[in-house]
Amino acid sequence: MNRVYILGGLRTPIVVAGTKFKNIRPEVFGAEVLKALRKKFSLGGVDEIICGNAVGTGGNIARLMTLLAGFPEDTGALTVDRQCAGGAAAISTAYAKIAAGISNCIIAGGAESSSLQPLRIYHKNDDRFKFVSVGEIQGGYYTAQFSPGEIDPLAMLKGAERIARVENISKKEMDERALQSHRKAAAAVEILKDSIVEIAGVKSDTGIKPNINQKILDRAPLPLGEGTIISAGNACRINDGAAFVILASEKFLTAHDLKPAAEILSVATGGVNPLESPRGAGEIADKILAENNLTYEKLSAIEFNEAFAVIDVLFERKHKNLTDRYNRLGGALAYGHPYGASGAILMIHLLKSLEIAGGGSGLLSIAGAGGTGEAILVREPGNQGKSFFLFA
């Protein structure tokens with residue numbers, strides 16, 4: 001296998017759906033990130049663009065984006081749908097192609113516009129047609145079916161609520177993690193500034209609330225109704241955004257005299273109970289570490305996509321001594337979650353977190369709708385002068 005490296009990455013601001021990007025198609029702001037990456041790294045000879053996308057208009061959005069960004073027509077383009085884990089799946093796919101010697105340089109990540117999520121309608125011969133509707137539109141739906149036994153637009157929220165009940169997680173515990181995420185994200189604004197591409201005059205993330213407090217969270221709506229504990233404050237917001245990273249072979253780096261930011265050491269995917277999909281983050285992370293004979297204690301930085309605060313609580317209960325290296329820059333509870341882009345956002349934040357730690361090995365993990373998950377293990381040498389072959 002060829003060794004696979006990451007040159008770096010860029011992202012858009014993460015913007016609350018229905019606001020600053022509400023009229024901008026995801027392939028348009030995604031193309032701006034691709035152009036910025038190409039310029040920053042003076043890139044030539046990109047083999048392919050791979051883009052995660054979950055709620056787009058269908059078709060190969062990666063191809064539209066590649067052409068809009070001005071890449072040559074012979075550049076490959078692939079769109080992947082692993083829902084929330086799509087961006088990470090794009091990176092994993094790029095890793096596999098380069099490791100196998102098929103490609104030498106791939107830009108991978110994701111783009112999502114929840115603002116422009118289309119209404120779909122099942123065909124009248126599809127048996128689901130009679131079970132769903134949006135307003136007066138029979139067969140209409142916004143959210144895809146994730147589990148054979150469940151057709152429900154609130155499936156993800158109900159999964160988080162289910163886990164909270166089973167694990168005896170309180171609303172107070174989840175709210176505390178949400179407050180912590182906002183505090184961390186507010187403190188990281190300057191750290192992430194050089195990773196963000198200005199789009200339509202927007203230079204910074206719009207979901208972070210530096211002054212949020214428990215009183216505000218106490219007033220947060222309960223989307224599942226009275227008596228439930230998953231709230232609009234301890235679940236991520238719906239967002240628009242894009243993020244991409246550049247993966248390259250050693251041959252490509254040498255030919256272009258480029259220095260990598262990190263090496264990808266391993267990728268993993270898997271599944272969990274589709275009715276409790278937020279468990280995927282922890283379980284796929286456990287899997288990749290076991291496959292590499294590593295423990296969490298050996299990691300310098302850990303990034304989980306905190307789509308729901310239950311994910312944070314479960315991690316902290318198992319690893320109380322590691323919270324200082326977990327989501328150092330805050331997470332999706334503060335920034336938000338532009339589904340298909342979030343895996344690549346995690347990678348960009350992971351690289352920054354490893355810089356803060358002075359190098360070492362890092363892990364990102366993300367759960368996807370329907371009980372899927374992706375995890376990626378990387379090594380960043382930092383100022384320790386250690387070989388990319390070594391773990392921390």
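In what follows, residues are counted from 1 in the order of the sequence shown.
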Pairing donors with acceptors under 3.5 angstrom, does anything connect the side chains of Tyr339 and Asn239?
no
Mark yes or no for whether Ser277, through its side chain, and Ala369, through its backbone, hold a donor-acceptor pair below 3.5 Å.
no
So that I can tick it off, tell me whether Arg177 and Glu306 are bridged by a salt bridge, with the cut-off set at under 4.0 angstrom between side-chain N and carboxylate O.
no
Is it true that Asp205 and Arg11 have a side-chain N and a carboxylate O under 4.0 angstrom from each other?
yes
Please determine whether the number of non-hydrogen atoms from other residues, nucleotides or ligands lying under 6.0 Å from atom CD of Glu297 exceeds 12.
yes
Side-chain polar contacts of residues 142-150 - donor-acceptor pairs under 3.5 angstrom, sequence neighbours left out - could you list them?
residue : atom : partner : partner atom : Å
Gln145  : OE1  : Arg128  : NH1          : 2.9
Gln145  : NE2  : Ser147  : O            : 3.0
Gln145  : NE2  : Pro148  : O            : 3.4

Answer yes when Arg165 and Glu161 have at least one side-chain N-carboxylate O distance shorter than 4.0 Å, and no when they do not.
yes
In this structure, are over 12 heavy atoms from other groups packed under 6.0 Å from Lys184 atom NZ?
yes
Find the distance between CG (Asn60) and CZ (Arg63) and round it off to the nearest 0.5 Å.
8.0 Å
Could you tell me if Thr269 and Arg82 have a donor-acceptor pair between their side chains, going purely by distance under 3.5 Å?
yes
Look at atom CZ of Arg25 and say whether more than 12 heavy atoms of other residues, nucleotides or ligands are closer to it than 6.0 Å.
no
Please report, to 0.1 Å, the donor-acceptor pairs under 3.5 Å made by any side chain of residues 101-111, with sequence neighbours excluded.
residue : atom : partner : partner atom : Å
Asn104  : OD1  : Ser249  : OG           : 2.6

Keeping the roles fixed (side chain from Gln138, backbone from Val132), state whether a donor-acceptor pair exists under 3.5 Å.
yes
Parallel, tilted or perpendicular: which describes the rings of Phe315 and Phe304, with under 30° parallel and over 60° perpendicular?
perpendicular
Pair Glu374, Ser92: side-chain N/O donor-acceptor within cut-off below 3.5 Å
yes
Flag, side chain of Ser353 to backbone of His349, donor-acceptor distance under 3.5 Å:
no
Just checking, any donor-acceptor pair under 3.5 angstrom between side chains of Asp240 and Ser115?
yes
Please determine whether the number of non-hydrogen atoms from other residues, nucleotides or ligands lying under 6.0 Å from atom CG of Leu67 exceeds 12.
yes
Thr254 side chain vs Glu250 backbone, donor-acceptor pair below 3.5 Å:
yes
For the pair Arg279 and Asp286, find out whether any cationic side-chain nitrogen is under 4.0 Å from an anionic carboxylate oxygen.
no
Mind running side chain to side chain donor-acceptor pair (under 3.5 Å) on Tyr5 and Arg3 for me, showing each step along the way?
CA-CA 7 Å; Tyr5 300 92; Arg3 296 169 69 177; 3.1 Å; yes
Any ion pair linking Lys352 and Glu380 (charged N to carboxylate O, less than 4.0 Å)?
no
Salt-bridge contact Arg162-Glu167 (side-chain N to carboxylate O under 4.0 Å):
no
Given 3.5 Å as the limit, does a donor-acceptor pair link the side chain of Ser300 with the main chain of Gly359, or not?
yes
Neighbour count above 12 (heavy atom, 6.0 Å) for Asp257 CG:
no
Taking the basic N atoms (NZ, or NE/NH1/NH2) and the acidic carboxylate oxygens, is any pair closer than 4.0 Å for Lys172 and Glu176?
yes
Centroid separation under 6.0 Å, is that true for the rings of His256 and Phe41?
no
